[in-house]
Every structure is written in C-alpha cells, then in structure tokens.
Chemist: 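Below: one structure in structure tokens.
Computed from a predicted structure; not experimentally measured. Note on naming: letters A, B, ... go to the chains in the order of the sequence lines (proteins, then strands), and numbering restarts at 1 for each one.
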Amino acid sequence: MYALVALAPENAAAVFQLVTAQGTPMAPPQTVARKDLPGVVASLEQAHSPRWVWDRAQNWYPELLTAKVRVERCHDLALCQAILVNSAYAAGTGYTQQAAVLPPESDAPPPGVESVQESLFEQPSARRGWDLETVAAELGAQKAAIASSTHPSRLTLLLSAESACALVAAEMQYEGIPWREDLHRRLLNELLGPEPAGYNRPEKLDVLASELRSALDAPALNPDSPQELMRALHRAGIDAKSTRSWELMEFKHPAIEPLLAYRKLSRLFTTNGWTWLEQWVHDGRFHSEYVVGGVVSGRWASRGGGAMQIPKQIRGAARAEPGHKFIVADAAQLEPRVLAALAQDSTMAAAGRDKDLYAGIAAQGFGGERDMAKVALLGAIYGSTSGESGRLMPQLARMYPHAVGFVEEAARAGERGETVTTRLGRSTPPASTQWRAGQQSSTAEEQRQAESAARTRGRFTRNFVVQGTAAEWACCWLAELRRRLRALPPGPAATPGSESDRPAMVFFLHDEVMVHCPDALVEVVTKIVHDSSQAATRLLFGEIPLEFPVNVTVVENYADAK
DNA sequence: GCACTGAGCGCG
DNA sequence: AAAGCGCGCTCAGTGC
C-alpha cells in the first residue's frame with residue numbers, strides 16, 4: 001500500500017491519499033493542515049504502515065521527526081528520478097521524456113539549526129510542490145520504467161535502498177552526533193591557545209606566523225596568501241612549484257617546519273574552531289545535513305559543518321552520552337572487494353579470504369609487502385599511470401587479469417564517450433556535448449587536448465563503477481541496519497515518561513557507520529551490524545565466494561575508533 | 001558588495 | 001613514498 005503525499009494548493013496544507021500497489025485509490029484524497037500532518041501520518045503508519053511517496057523525503061520527513069513521528073519506508077521520487085533518468089538499465093523505457101520537473105528543495109532549515117527567518121516570521125516559508133496528480137503520475141512512470149527495464153529487480157533494490165537512505169539521512173540529521181563542547185574547547189586551547197577576541201589570530205598561530213616571517217626574512221608576509229608565500233619562498237631560495245605541504249616537505253629550510261605547523265593549525269582554527277562550534281553544535285549535538293546521492297557516484301555528500309570531513313584532530317570531542325557507547329563499524333577494503341566481486345575475479349577473492357585483502361594480495365605476488373599491494377590496487381581503481389603505483393600495474397594485471405581488465409574496460413568505455421553503470425543500475429551522466437565537440441579536433445594541439453580529456457573521462461568512469469557499486473553496498477548496509485534496529489523491542493525509558501532509549505545511527509561516512517547505543521544493547525547491535533553487512537552482500541551479489549567483513553569497535557570516544 | 005575560481009587541505 | 005578517484009570548506013584573488 002502506498003500513501004501519496006502532496007502539497008495542497010495553499011501551501012500551509014498537505015493532501016494525501018492511500019492507493020493500492022496497483023495505484024487504485026482506496027479512499028478519497030484528504031486535506032490536512034500542515035501542523036496536523038504528524039498526527040495523521042502517525043495514525044496511518046500505525047494502521048497500515050504504507051510506503052510514503054513524496055517528492056523528497058527531505059521536504060517532509062524533518063518536520064515529522066521534530067514531532068517525534070517516524071515512518072518505516074518511503075519512495076523518494078526525486079532521488080529515484082535522478083537514478084532512472086541516467087540509468088542504462090532503463091534507457092529503452094522512454095522514462096526520461098515523461099519525468100516530471102522536480103519541485104525545488106524546501107528552504108526550511110534542517111532541525112537543530114537556528115534560522116534567522118524563523119525568528120522573524122512565525123510560519124515556515126512557503127514553497128511550491130507537486131499536487132497529488134503529479135505525485136501519482138510520477139510514481140506510475142517510475143514503476144513502469146522499472147518494470148520495462150533490462151534489470152527490474154536490481155533497479156527495484158537500488159531505488160528502495162536509496163529511499164531508505166533518505167530516511168536514514170533525515171534521522172541522522174535529527175539525532176546529531178553527541179558532541180562535547182567543553183572537550184572541543186579544551187582541545188582548541190591546547191593546540192591554539194585561548195580563544196582570541198574579535199578577528200585576531202590565536203596565540204600559537206601568531207607565534208608560528210612570526211617565526212615564519214623571520215625565517216623567510218619577510219616581515220609583512222601574510223601566510224594565508226599562496227601568492228605572497230610563493231614569492232617569499234623563492235626569495236629565500238626554496239624553489240617549490242607550489243606551496244602544497246607534501247611538496248614543501250622535500251625542502252630543508254628553517255621556514256618549512258613553522259610553515260607546515262602553521263598550515264595545520266590554521267586549518268583547525270578556520271574550519272573546526274570556535275566559530276564552527278558556535279555555528280554547528282547545539283545542546284550537545286553536531287547536526288549536519290546529509291545529501292543522499294549528492295555525489296555523481298551515488299555517495300552521500302553533506303551540507304554545512306563539513307560532517308564528512310571531521311578531522312581526526314577533533315574526534316575526541318565526539319563522546320557517547322552516559323550509559324551509552326559508540327559502535328563504530330567500517331567495511332574493510334570495501335572498494336577492492338567490490339572490484340573483485342564485480343569482475344568475478346576468483347583469484348582476488350581468494351586473496352581476501354583471510355580478512356585482510358591487501359595482505360592476501362601481497363602474499364600472492366608482492367613478496368608480502370602489504371603497502372605495495374595496497375598502492376597497486378588503489379592505483380588500478382583510480383587510474384594511476386605514474387609513480388610507484390603506475391609501475392606496479394603490469395604485475396597486478398598479470399596476477400588479476402579479470403579485475404584489472406574490468407576497470408580497464410570501464411576506462412576505455414569512458415574514453416569513447418560511452419556511459420558506464422554500477423551493479424544495481426546507476427549510470428554516469430552522458431558525456432557533455434562540449435566534451436564530444438572537443439573529441440572532433442583537427443590541429444595537433446587540439447588532438448593532444450582531446451586525448452587528455454578522454455583519459456580524464458576514462459579515469460572517471462573507471463573509478464565510477466567501483467566507487468558507485470561500493471556506495472550501493474553501503475546504502476543496502478544502512479537500509480538493512482535501519483530495518484533491524486527498528487525491529488528491536490523498545491527498551492526502558494531513560495526517565496519515566498520520556499521516549500524509550502533506543503540505539504540510533506548518528507553518523508555515516510562512505511564505508512563507516514556510527515551507532516549511539518545504550519550499554520545494555522551493545523552486544524545485540526554489534527551482531528546486527530555484522531548481519532546487515534552480510535545481507536547487503538547477498539542483496540548485491542547473491543551467493544559469492546567473497547565476504548565483506550566489517551571492523552567494529554565499541555568506544556566512548558570517537559577518537560579511539562580504529 | 002557579490003559571485004566566482006583556484007589553491008590548499010580535510011575526509012573516504 | 002606518491003599525486004590517480006570522489007567530495008566540502010575557507011581564504012585570497014579577480015572580475016563585474
């Protein structure tokens with residue numbers, strides 16, 4: 001059963017309708033004031049547990065969560081449309097021509113983020129959205145596209161997992177990562193000195209800047225300006241081509257050490273310093289907005305606060321609340337394993353049998369040098385041509401002709417301007433007309449540029465099939481994990497009358513998930529994390545002679561994970 | 001003053 | 001040790 005959700009002509013109201021799986025209405029449409037929506041959703045969820053069909057989960061679910069209403073499953077039309085429009089599996093279905101124009105994203109702030117607008121105007125800002133007919137038509141078009149696609153079951157899985165992830169993302173956003181402001185401040189004090197007033201540099205940063213200026217004999221140097229810095233370095237006899245840290249490390253000069261130290265601390269100060277704390281941490285939680293499918297490959301992106309770039313430096317500020325632990329799980333060597341599975345490379349699969357795939361590959365042909373095996377394999381996935389990993393490619397290709405051949409073929413397809421597709425059916429966007437035009441070149445210089453552009457696109461498509469399929473594995477893992485966590489019986493309430501204290505997913509990072517878990521449930525949730533990963537592997541690849549092991553650590557402090 | 005790009009670096 | 005994939009964020013610098 002589906003519950004279609006749409007905006008009523010006047011935006012303060014919503015309209016919804018229950019329909020059968022075949023699309024037959026089961027009751028007349030019902031109009032509900034926006035403020036009454038959570039109550040209505042809760043009672044329908046209780047009675048029928050329908051699949052909620054809406055333009056975007058992100059436009060509806062946050063306000064339900066704020067009202068403490070959760071749903072079991074949904075169909076996120078925007079996310080599914082984005083996949084179907086490009087999917088090679090649905091290329092012959094004519095879907096792209098029928099797809100409805102998506103309504104804009106709601107500009108309502110994510111919960112937990114203070115909004116200037118909200119304090120000025122009492123009601124949430126108006127937005128345009130689809131009416132019920134459009135929602136029904138778009139759902140019908142998507143279902144028809146799946147049914148007449150070349151791989152209906154894979155696309156069905158992909159779209160339902162993607163929709164489940166839309167719910168996971170909104171819930172994580174709502175929960176936030178438990179974040180101890182006091183510990184973060186202590187870290188900043190230790191590394192940078194006391195919080196500076198106004199726009200001043202913190203003490204330790206200021207000291208390093210002075211050291212740098214005297215070492216370079218450049219009293220007015222602004223170390224934040226790459227151009228000024230470059231000139232000063234050259235004057236001091238440091239002949240660097242750029243001011244990147246890894247390049248500067250090659251030079252022996254008294255200015256290098258303070259410069260690298262300045263860089264590191266400056267980054268902490270500007271990106272994750274006191275301003276970041278003020279802006280993103282409220283009531284002991286770091287709330288960030290996740291953008292499901294925000295990356296071409298299907299990976300998630302994030303908006304605000306840089307949730308997916310939290311430096312290791314400050315992870316000590318993420319602390320489980322009293323009576324809780326963080327269960328931090330990450331999939332071991334996810335991308336190489338995905339490659340072995342995609343290419344059905346049984347030799348590589350055998351190398352991964354004893355948990356550490358890189359060690360297994362090293363034992364099979366790199367004289368036991370794990371680092372060498374890792375560099376070689378990642379080079380194959382990224383399309384490295386030079387350096388150590390480039391040199392190791394022929395050896396890797398001899399050992400694993402299937403796996404290397406698989407990514408090579410993806411690269412060649414990209415170079416020819418074709419699209420490539422993940423296991424479940426996410427395809428790259430078509431090559432741009434500009435790229436195509438560039439390939440029809442006449443002069444030698446144009447020819448050279450065209451070949452370079454072709455190789456660049458080849459590296460993209462080569463990586464896409466692996467990164468994108470890995471994202472699908474992670475997406476299925478999250479969906480399975482969420483389903484199992486929801487099925488846990490409610491535990492006792494922390495305090496009488498409050499919500500029951502359940503484990504909650506609070507963070508996700510490509511191949512890593514963090515659950516904030518009551519102590520009493522750590523063992524059962526740890527098992528659920530493992531079970532979910534096995535389920536994800538079966539969903540994607542069926543029965544294969546390769547595991548996708550997950551490393552789980554139970555910690556109070558995120559810095560202690562791994 | 002605003003929008004944009006590039007450099008640099010954080011994460012996987 | 002090296003510089004190949006995907007992102008977001010901040011600051012400097014540029015162009016309007």
Chemist: Regarding R263(A) and T243(A), do their side chains bring together a donor and an acceptor under 3.5 Å, going by distance alone?
Modeler: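 Their side chains do contain a donor-acceptor pair, which is all the 3.5 Å distance test asks for.
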Chemist: Would you mind telling me which residue lines up with the more 5' stretch of DNA chain C, F460(A) or S386(A), judged by nearest nucleotide?
Modeler: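 By nearest-heavy-atom nucleotide position, the 5'-most residue is S386(A).
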Chemist: Let me spell it out: for each of G306(A) and R299(A), pick the nucleotide of DNA chain C with the closest heavy atom. Which residue's pick is nearer the 5' end?
Modeler: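 The residue whose closest nucleotide sits nearer the 5' end is R299(A).
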Chemist: Between atom CD1 in I314(A) and atom C1' in dC9(B), what is the gap in whole Å?
Modeler: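 Between C1' of dC9(B) and CD1 of I314(A): 14 Å.
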Chemist: In Watson-Crick or G-U wobble terms, both distances under 3.5 Å, what is the partner of dT10(C)?
Modeler: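 Matched dT10(C) with dA7(B) under the 3.5 Å cut-off.
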Chemist: Scan residues 234-272 of chain A against DNA chain B and write down, sorted by residue number, each residue with any heavy atom closer than 4.0 Å; if none is found, say none.
Modeler: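 Within residues 234-272 of chain A, the residues near DNA chain B are S242(A), T243(A), R244(A), S245(A), R263(A), K264(A), R267(A).
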Chemist: If pairing requires Watson-Crick or G-U wobble contacts with both distances under 3.5 Å, which nucleotide is the partner of dA3(C)?
Modeler: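 Partner of dA3(C): none.
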Chemist: Is R462(A) side chain donor-acceptor paired with the dG4(C) base, going by distance under 3.5 Å alone?
Modeler: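 Answer no: no donor N or O sits under 3.5 Å from an acceptor.
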Chemist: Please report the shortest heavy-atom distance between D356(A) and Q333(A), naming the atom on each side.
Modeler: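 Closest approach of D356(A) to Q333(A), heavy atoms only: OD1-NE2, 3.4 Å.
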Chemist: Counting only N and O atoms by type, is there a donor-acceptor contact under 3.5 Å from the side chain of S533(A) to the main-chain atoms of H530(A)?
Modeler: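 Between the backbone of H530(A) and the side chain of S533(A) there is a qualifying donor-acceptor contact (under 3.5 Å).
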Chemist: Mind calculating the distance between OH (Y290(A)) and C1' (dC11(B)) to the nearest angstrom?
Modeler: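 So the OH-C1' distance, Y290(A) to dC11(B), works out to 12 Å.
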Chemist: Taking the six-membered ring for Trp, are W280(A) and F286(A) parallel (under 30°), tilted (30 to 60°) or perpendicular (over 60°)?
Modeler: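 W280(A) and F286(A): perpendicular rings.
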Chemist: Answer with base, sugar-phosphate or nothing: what part of the nucleic acid does T385(A) contact at a heavy-atom distance below 4.0 Å?
Modeler: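 Nothing: the residue T385(A), judged by heavy atoms under 4.0 Å, touches no strand.
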Chemist: Where does the angle between the aromatic ring planes of F508(A) and H510(A) fall among parallel (under 30°), tilted (30 to 60°) and perpendicular (over 60°)?
Modeler: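 Taking H510(A) first and then F508(A), their aromatic rings stand perpendicular (interplane angle over 60°).
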Chemist: Can you sort out the partners of Y290(A) under side chain to side chain donor-acceptor pair (under 3.5 Å), two or more places apart, ordered by chain and number?
Modeler: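 Applying side chain to side chain donor-acceptor pair (under 3.5 Å) to Y290(A) gives none.
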Chemist: Would you kindly say whether Y89(A) and R154(A) are connected by a side-chain donor-acceptor distance under 3.5 Å?
Modeler: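 A pair is found: one side chain offers a donor N or O, the other an acceptor, under 3.5 Å apart.
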Chemist: Under a 4.5 Å cut-off applied to non-hydrogen side-chain atoms, are C475(A) and E162(A) in contact?
Modeler: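 Side chain of C475(A) against side chain of E162(A), heavy atoms only: contact under 4.5 Å found.
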Chemist: For the side chain of K312(A), starting at C-beta, report the closest nucleotide among dA12(C), dC11(B), dC5(C).
Modeler: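 Side chain of K312(A) sits closest to dC11(B).
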Chemist: Strictly under 3.5 Å: I want the nitrogen or oxygen pairs between protein and nucleotides 13-16 of chain C, one per line.
Modeler:
unit_1, atom_1, unit_2, atom_2, d
dG13(C), OP1, S225(A), OG, 2.5

